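Please read all numbers here as calculations on a predicted model, not as lab measurements.
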Amino acid sequence: MSKKRAVSVFPIYSGESDTFIAYIGELQDRLKIAAPNFIVRDWREQSDDTNFVPFRVLRDITSARYILFDATKLTNNTVFELGYSIAKSKSILFFFMSDEHLSSQSSFFHDIIGNFELLQQPHTDIVLPYLLGHTLRPFSMKTYSGVLKHDAFILLPDQPQREIDHLEKEIRTRLSGFSVASFDPRESHFLPLEDCMHVAHGALEVILPFWRFGDPAFFEHNLRCSFLFGLRYGLEKSVRPIIIDGSGRSVPIDYRPIVRSISLPHQYAAFAGDLAISVHEQKRKRSRSGRDELLRDLDLGRTAAENEETDLKYYFLRTESYDRLLRGDARLVVGRKGSGKTALFLMISQKLSESGDNVIIPLQPPEYQLKSIKAALSSIAQSGVKEFVLVALWEYLLIRQIASYALVSDKKFYYRTDGNADIYLDLLRSFPDDAAGVSQIDLADDLGECVDRMNAMKVEEIKKFSSTSAQMLFGQDIPMLRESLARYLKTKKEVRIVVDGIDKGWNPYGVDDWDLAILRALLEAARKVEKLFQQAKINFRSAVFVRNDVYENLLNATPDRGKDFEISVDWTDRDLLKEIVRLRIVRNGLPRDTSLAVAWDRICVREIEGRPTVDVLIDHSLMRPRVLLDLLGYCRTNAINHGRTLIEEQDVEKGLDRNANLLFRALRFELKDILGSDGGVINRFVDWKLSFSDSELLGMIDTQRGKKSAAKVADCLCWYGFLGILRSEDHAIFIYDVDYDMERFKRLAEVQNSREGGLNYRVNHGFHRALQMD
């Protein structure tokens, strides 16, 4: 009888996991009797000092058939090895050796666990059949080996940091014209395994800036970095892990020999330069393979518009909002997260920049500098003084940014037109030095300098803020700069400023007085600049992009409403959402005029239970383009995982399940930000009712803070689209059905409450599966 072939099992765990260590010892003893050909290779038992231990661990992972991963205590080392194991297509079994619920673990873990088996405090009798019966499937890597997604990808931390912000800008500057994407946790709470794999397979370069190990605020970020690091390393693709930490702490990861440490600005520039050379060389050598099956190669683009500047123009849907903004009809653009504000911001900026006679300045104020402004002015109690200082600050920054942009964009051509040279040089002399004419003045640096000066000023000086103290604050003759700039801009056809991201990181319905003061001051400063330029007969317009909840707070806190016209970019038309999907699909090599029906038939079954599949997906999308595209991506991934060339009904079911769970978790995160301890109220809806009365809802919420607090929680649930007003047995009105107008929604609730049967609510389709309602 031939000897059975050895089967290697490798456990991955933290050195502090005493319970799991004991468990592995017991499993080894059981296997020696039940299956002697099974070998458990425990890294603690290796005593050979000729090789660096971590690299021997990777060697053992590579040769193993099964990986046993202890998720009880996640570390950067174990998560790196998990990513490496997935890259090597290993069969992985997850363990959780604790009585605590999984929610106590990192949310990062939830983003990847849905694709694998998880055992909680298992007896060895439960584990043996997985190993001996060979029922664990290897992870399939072929699913993610499709089209190229990015030229470079950067993983950003949960907390904004100036150093990483500067590094990102250096990289984007050096890779101008290439596709540079990033994951920003402030935009999306999750980085699902599907996205990690597309990045790991498709990006030419992946940049992973580790930050402050040991700081709980960066625990999630560093775990994500370690996981992507392991994925790329296992795929033998270029990866650039770097440690950026002013504290000088060493990298607490076993793979420190392959992690670079940078901390100084000139090192950022050198790093970005090396990166650019690598990307250029890889792009030159890369040969594009032909397409086979549409579904496998289908690229739906990035759902976060800031990650697809180069491709967005190919499938951007031009709507009335775009046309109105292009004409300059409004100063405010409002919409929900995921509604397409940033896409509109990018497309408007690109369109207006096509003419050399226009001066277009897109601005995105960094969150950490806005927080610094609040801290610097926190000593001011009088709201009038606070707003006066803020308006002066924004006016100065807007003028400086316009002047700097004009000088930089025209420095090669100003002398070609009669009379332009003198006014150009006059504008250049308005700056303390001529550096503004060499490169664009960075808004973050401008803000930082102002904050430093405010911190240096005495409280009494700020409270008595005047034109004299403004001169101290800005260190520049503002009136002279304004006059020089006005003379120069008369040579231009149009001047436009568009500001996006000022509310990035602000809590929905948790916006404080300082946040509103900063936004209100920006709008007032833009109006002042517009009035100044229009008096000089200069065509100037400005637009500020904000979330609609911030806009509602602004209206409620502003006594003289109506100064600023707004454009809403929220979606209420299902046909327009279908057109977004059509444009994304036909971008993949189909004729531009291909109908949605024809394009859809190429990738997905047309109907599910008698309804068009695309309508089913829209029902579960909260009418948000980002959610809809992500949902379609989940369905596609499941189909390819199972070797199908068409998304079938079971793939849609799996996609709907995953989408519901992610929506549920996202809502739980955001409610916690707004309501604090009351944020967990969403969990009480699990396995409850689809429909219920107003009194049942308030009683179930039971915040123990009275009816007023319970009503606030209910309002938040309605505003997010989680709850709708039940109008008939099978019809409910959600917030997107009333153009996201919360006042109108409340009025409908009052009317319904006065009718027979009273006020009843229904949970949105998109959450049913997460709540175990389907």
Side-chain angles (χ1 to χ4, degrees), residues 300-301 303-305 312-327 329-330 332-348 545-549 551-552 565-587 592-600 604 606-608 611-633 656 659 663 718-725 727-728 730-745 748 762 764-766:
L300 295 171
T303 53
L312 183 60
K313 60 187 176 183
Y314 296 113
Y315 37 69
F316 177 76
L317 179 59
R318 179 169 173 169
T319 62
E320 182 191 14
S321 299
Y322 172 87
D323 293 331
R324 288 183 61 197
L325 189 57
L326 195 62
R327 294 194 301 266
D329 288 351
L332 276 166
V333 181
V334 300
R336 300 203 161 202
K337 184 185 290 187
S339 61
K341 296 190 303 299
T342 300
L344 188 58
F345 169 82
L346 293 172
M347 292 304 298
I348 287 293
F545 291 68
V546 296
R547 298 196 315 262
N548 52 8
D549 59 293
Y551 176 63
E552 288 177 21
F565 295 104
E566 82 280 358
I567 293 173
S568 173
V569 295
D570 283 315
W571 299 80
T572 59
D573 189 332
R574 299 172 70 91
D575 289 335
L576 290 180
L577 289 175
K578 291 178 182 179
E579 179 63 8
I580 288 176
V581 172
R582 188 192 73 83
L583 290 173
R584 298 272 177 152
I585 298 174
V586 301
R587 167 69 176 143
R592 179 78 176 178
D593 60 353
T594 303
S595 68
L596 176 61
V598 172
W600 192 260
C604 184
R606 183 174 297 184
E607 293 186 350
I608 294 178
R611 292 197 65 213
T613 311
V614 68
D615 283 318
V616 173
L617 299 188
I618 291 174
D619 286 342
H620 290 75
S621 73
L622 305 184
M623 297 294 286
R624 300 185 192 180
R626 183 183 299 180
V627 175
L628 177 59
L629 293 170
D630 282 340
L631 173 53
L632 180 56
L656 293 175
N659 184 67
L663 286 179
C718 292
W719 188 85
Y720 272 99
F722 178 77
L723 295 180
I725 300 169
R727 299 300 294 271
S728 64
D730 54 1
H731 177 61
I733 298 291
F734 292 93
I735 189 68
Y736 44 76
D737 296 315
V738 292
D739 290 333
Y740 300 89
D741 186 336
M742 195 62 186
E743 293 301 318
R744 181 149 56 114
F745 187 88
L748 285 173
R762 170 162 289 179
N764 194 298
H765 283 287

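For E579, the side-chain hydrogen bond (donor to acceptor under 3.5 Å, both in side chains) criterion is met by R582, not counting sequence neighbours. With sequence neighbours excluded, the residues that form a side chain to side chain contact (heavy atoms under 4.5 Å, CB included) with R592 are L583.
Of the possible donor and acceptor atoms, none in the side chain of D739 sits under 3.5 Å from a partner among the backbone N and O of D741. Within the 3.5 Å criterion, the main-chain N or O of G721 finds a donor-acceptor partner in the side chain of N764. R762 contributes no side-chain N or O that, together with a main-chain N or O of A732, makes up a donor-acceptor pair within less than 3.5 Å. With T572 contributing its side chain and D737 its backbone, the two residues share no donor-acceptor pair below 3.5 Å.
In terms of heavy-atom proximity, V738 sits nearest to R744 at O-NH2, 3.0 Å. Closest of all the heavy-atom pairs between H765 and D619 is CB-O, 3.6 Å. Between G766 and L663, the shortest heavy-atom contact is O-CD1, 3.9 Å. Closest non-hydrogen pair, L632 versus W600, comes out as CD1-CH2, 3.8 Å.
For the atom pair CG of D329 and CG of D323, the computed distance is 9.5 Å after rounding to the nearest 0.5 Å. Here the CG atom belonging to L628 is positioned 12.0 Å from the NE2 atom belonging to H620, to the nearest 0.5 angstrom. A distance of 8.0 Å separates CZ of F745 from CZ of F734, quoted to the nearest 0.5 Å. For the atom pair CD1 of I733 and OG of S728, the computed distance is 9.0 Å after rounding to the nearest 0.5 Å. Atom-to-atom distance recorded for I735:CD1 and L622:CG is 12.0 Å, nearest 0.5 angstrom. Here the straight-line distance linking atom CZ of R587 with atom OG1 of T594 works out to 13.5 Å at 0.5 Å rounding.
Looking only at side-chain heavy atoms (C-beta outward), R584 and V581 stay at 4.5 Å or farther from each other.
Within 6.0 Å of the CZ atom in R574, the count of heavy atoms belonging to other residues, nucleotides or ligands exceeds 12.
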Passes ring-ring contact (aromatic ring centres under 6.0 Å, His included), Y720 versus F722? Steps please. CA-CA 6 Å; Y720 272 99; F722 178 77; 9.7 Å; no
